[in-house]
Protein chains: 2
Amino acid sequence: MSERGTALPSAVAAHLEAHRQAHLDDLLELLRIPSISVLAERAGDVRAAAEWVARRLERAGIEHVQVLPTPRHPLVYGDWLHAPGRPTVLIYGHFDTQPVDPEHLWKRPPFEPWIDGDRVYARGASDDKGNMLIPILACEAWLRGEGRLPVNVRFVLEGQEEIGSPHLDAFVEAHRDLLACDLAVSADGGQFAPDVPSLTVGTRGLCALQIDVQGPATDLHSGTYGGTIQNPIHALVALLASMRAADGHVLVEGFYDRVAPLTAEQRRLLHAVPHDDDRFREALGVVALFGEPGYSTLERQGVRPTLEVNGIWGGFQGEGVKTVLPAEAHAKITCRLVPDQDPEEIQALIERHVRRHAPPGVRVQVQKLPGLARPYAMPMDHWANRAAADVLRELYGREPVYQWMGGTVPLYEVFSSQLGAYTLTFAFGSPDEQVHAPNEFFRLSSFERGKMAWARLLARLAAVKAAD
Amino acid sequence: MSERGTALPSAVAAHLEAHRQAHLDDLLELLRIPSISVLAERAGDVRAAAEWVARRLERAGIEHVQVLPTPRHPLVYGDWLHAPGRPTVLIYGHFDTQPVDPEHLWKRPPFEPWIDGDRVYARGASDDKGNMLIPILACEAWLRGEGRLPVNVRFVLEGQEEIGSPHLDAFVEAHRDLLACDLAVSADGGQFAPDVPSLTVGTRGLCALQIDVQGPATDLHSGTYGGTIQNPIHALVALLASMRAADGHVLVEGFYDRVAPLTAEQRRLLHAVPHDDDRFREALGVVALFGEPGYSTLERQGVRPTLEVNGIWGGFQGEGVKTVLPAEAHAKITCRLVPDQDPEEIQALIERHVRRHAPPGVRVQVQKLPGLARPYAMPMDHWANRAAADVLRELYGREPVYQWMGGTVPLYEVFSSQLGAYTLTFAFGSPDEQVHAPNEFFRLSSFERGKMAWARLLARLAAVKAAD
């Protein structure tokens, strides 16, 4: 059987078919480990999950499996590198989970997985234990069925994605040789909808700032002093209002200077996404959608930059009335950035804007907050996208749509800058799966389709790269 | 001796002089009662203070003394009405105190008064036990020295001023006959400075609102959704910014329509106040004073209205970064009002402004908060002001200055609307006396001067009113 098609060798397909129940049992076992990475008292459980994953990789036939320490939770490495001349693929996923609160909203205990129809419920079912297990099982099917993999693979599976992967950057930088690859494939994420496959080709970058406005030395009585001095809240709202036009256009000087214009191809691809403004609006519960004139919702979400106030506070927030003229007021801002904006430059532009527009009578300071991320864009016609599109087209019976995620995945930028590799996201979650919320679930049908898709993808990547 | 001068009958002056130590002992005794009205566990102490005050009024020769209940703390009434044809004066003060926290900043326990030089330290020393005791002692000196008072008096001394006098309004309305008077005199307050006498002739009114902006049904991820919907914080800051020009002028349509223009006389009197902008600015710790162009600091503070945001909140207020697009944002506003603004009309104007300027994509609601107060103005040439000016001029050796307080004293409006009487504030606190703060004190010299001043005022009020 040619690796140029997406059909599987029958032994691989047979292995997957024969082990459906065993694979589900594996998933349930992993879901029972309460590996909540943010809770110090769960560190032992995160480690237990790492050990479980390491043993499972070994059982699958992956070699050189190691549980590697970081300053906090460990990560798991393993490889299979016996396909000379074939591309090397770095497979990423994570075995830690979000916390479970509010726990009382769960129908059953979040780490006692239960199955209802096509759904397996548990914290971490979709994000990311179910999705992370899939490539391990797909590799196992190849190795047990055919005795080989169509490509070289390295696994890097981590235990602290849900706390922002604080040590991944340093780990990758310190282990460039160990992680050397032609392509990264992330098993963390999902498809546009259960029946709509998708390829993620861009994520927005990020920069964050805090604005601190200091007025009088202490809170003052708004009667005795009102009218004599600048109110820090008024100063702050004037400053924030100066950053954005009423129509949503950002007014920070230079903000759009490096923004790559939307191409006709991007417009066409975004237009092809089965997105419905009315349904989107209803799902969010807003009276109307809103944003920069001249751009569609998906364009504003994916390929246009934003400046959003994430938090604001100052003065009295309790019940009733307190006649205070507050000493200070604060706001937090993040910007989502698109190619070719630079997060440090945008921080500097905002700082300059604040300096130029600071109202009189108060001291205004800008704190540059950590967490910079560059925008990321993968060429739409990259060989990995073409390979993935072939697989998805066959399994879903329709063309995948192209997604520019509004969010930021620092991982992509880490793999890009440290390893020189693009990241294909190949995962099978759906947006409705209550990720980060009570009663998270994963579809059993997605679990099955995912295994088939990954098994095919490994072969297809080799084939398309060879023809590239 | 004529009651047209401000000199005292010698028997009255002699009584005051002979009882200096006894009066100080009285004050120390009252200061030892921890009558903190806001603390439920101190209700017994507030009642003990009421009983102490009632006994002291009786000892002074005041008649019909009663401790009268309200839904919370009691108040004390007493009268002496044997001066037919003379004006009746309602004397107001309060025997409750503020809490003492932060208690560790007190040099000694706050209800164990101690004397250091010219100062007696204790919670309530200046606000208002020292000032409240003065008219009782002055009446006693007249009654013991001369067997009579130059005017009819009624005392109404309350035990819940520090919690906003929640039942005073209803009490006055229900006891209009009992409290009938030609003039109220408040013994709660102070003079401009220890060496600068003053007459308070105006206070600003008040109205309060809350603005609630609702965006999406829940907090959203600012990456995934940023750019697609209106951010409630941006909507709120745009709305608040629309209410005020950069120079501090209020832009709510109609806000200034009923504001009485500043008269040349007001300007002259305010200019005569020994106010120093530099010292004022330094004391507040601001980089510059600020407010409506064309008006001095004291004009902006006393006779011009304000619109101040007292509190604002929405989204994330913690350490670091949280990439949230918040579901809601809120702000609290109070306006200080001057004649002839109406608090309900101003609320309605702001509500209309909010309706007209509400940004798209969010639901905006206005809550009208309780605590309306009309602005209050006492004619500068009112007979009580003239009488008080005569007394102050003689005791301080200089003309009193006229003060328009920026704050709101609901009492004035209650006495004005319910009893048809203006309120003269005649008290001897100074702005430096740490009222509401640790180590509150009252000057012994102010206590002595206050007794002399009140004893003279009672006579002078009769004389000036007779000639009116």
Side-chain angles (χ1 to χ4, degrees), chain A residues 204 208 215-217 220-231 233-234 237-238 240-241 244 246 284-292 297 300-301 304 306 308-317 320-326 329 332 334 336 359-363 369 371 406-408, chain B residues 204 208 215-217 220-231 233-234 237-238 240-241 244 246 284-292 297 300-301 304 306 308-317 320-326 329 332 334 336 359-363 369 371 406-408:
Chain A
R204 294 193 286 191
L220 296 175
H221 190 283
S222 74
T224 313
Y225 296 100
T228 68
I229 60 170
Q230 177 72 273
N231 178 327
I233 298 179
H234 280 288
V237 302
L240 294 173
R244 227 194 51 166
L284 299 184
V286 292
V287 290
L289 300 178
F290 175 85
E292 265 190 297
T297 303
R300 298 196 311 267
Q301 182 180 38
R304 293 293 297 173
T306 67
E308 298 280 354
V309 182
N310 307 107
I312 191 167
W313 69 103
F316 178 64
Q317 306 184 12
V321 178
K322 186 175 177 186
T323 52
V324 65
L325 203 169
K332 286 181 190 277
T334 52
R336 296 290 167 167
V362 287
R363 292 177 189 87
L369 298 178
T408 300
Chain B
R204 293 192 287 190
L220 297 175
H221 191 283
S222 73
T224 313
Y225 296 99
T228 68
I229 60 170
Q230 177 70 273
N231 178 326
I233 298 178
H234 280 289
V237 302
L240 295 173
R244 227 192 52 165
L284 299 184
V286 291
V287 290
L289 300 177
F290 175 85
E292 266 189 297
T297 303
R300 299 196 311 267
Q301 181 180 39
R304 294 295 296 173
T306 68
E308 299 279 355
V309 182
N310 307 108
I312 191 165
W313 70 102
F316 178 64
Q317 305 184 10
V321 178
K322 186 175 177 186
T323 51
V324 64
L325 203 168
K332 287 180 188 279
T334 52
R336 296 290 168 166
V362 287
R363 293 177 187 87
L369 298 179
T408 301

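These numbers come from the heavy atoms of this one structure, side chains and all, not from hydrogens, waters or symmetry mates. On a predicted model such as this, the values are computed, not experimentally measured, just so you know. We name chains A, B, ... by the order of the sequence lines, and we start the count at 1 in each one.
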Query raised in the report: Rounded to the nearest 0.5 Å, how far apart are CD1 of A:Ile312 and CD of B:Gln317?
Result: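 Answer rounded to 0.5 Å: 9.5 Å.
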
Query raised in the report: How many angstroms lie between atom CD1 of B:Ile229 and atom CD of A:Gln301, to the nearest 0.5 angstrom?
Result: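 Reported to 0.5 Å precision, the distance equals 10.5 Å.
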
**Report entry** Over 12 foreign heavy atoms within 6.0 Å of CZ, A:Phe290
**Finding:**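 Enclosed: over 12 neighbouring heavy atoms sit under 6.0 Å from CZ of A:Phe290.
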
May I ask you to name which of [options] has the most heavy-atom pairs under 4.5 Å with chain A?
{"options": "B:Gly226, B:Ala288, B:Gly315, B:Ala208", "result": "B:Gly226"}
{"options": "B:Ala241, B:Pro359, B:Ser222, B:Gly215", "result": "B:Ser222"}
{"options": "B:Pro326, B:Gly291, B:Gly361", "result": "B:Gly361"}
{"options": "B:Leu284, B:Thr306, B:Thr323", "result": "B:Leu284"}
{"options": "B:Thr224, B:Thr228, B:Leu220", "result": "B:Thr228"}

Requested in this report: Kindly give the heavy-atom pair with the smallest separation between A:Trp313 and B:Phe316, and that separation in Å.
Outcome: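 It is CZ3-O, 3.8 Å.
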
Query raised in the report: If you tally heavy-atom pairs under 4.5 Å against chain B, which of A:His221, A:Arg244, A:Arg204 wins?
Result: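 Heavy-atom pair counts peak at A:Arg244.
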
Identify which part of [X] has an atom lying under 4.5 Å from any heavy atom of chain B, answering side chain, backbone, both or neither.
{"X": "A:Thr334", "result": "side chain"}
{"X": "A:Arg304", "result": "neither"}
{"X": "A:Ile233", "result": "side chain"}
{"X": "A:Pro360", "result": "both"}
{"X": "A:Lys332", "result": "side chain"}

Query raised in the report: If we only count heavy atoms from C-beta on, is the B:Val286 to A:Gln230 side-chain gap below 4.5 Å?
Result: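 Answer no - side chains too far apart.
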
Query raised in the report: Is the backbone of A:Val287 close enough, under 3.5 Å, to the side chain of B:Arg363 for a donor and an acceptor to pair up by distance?
Result: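 No, B:Arg363 side chain to A:Val287 backbone: no donor-acceptor pair under 3.5 Å.
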
Query raised in the report: Does B:Asn231 reach the main-chain N or O of A:Val309 with its side chain, forming a donor-acceptor pair under 3.5 Å?
Result: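 Pair found, side chain donor or acceptor close to backbone of A:Val309.
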
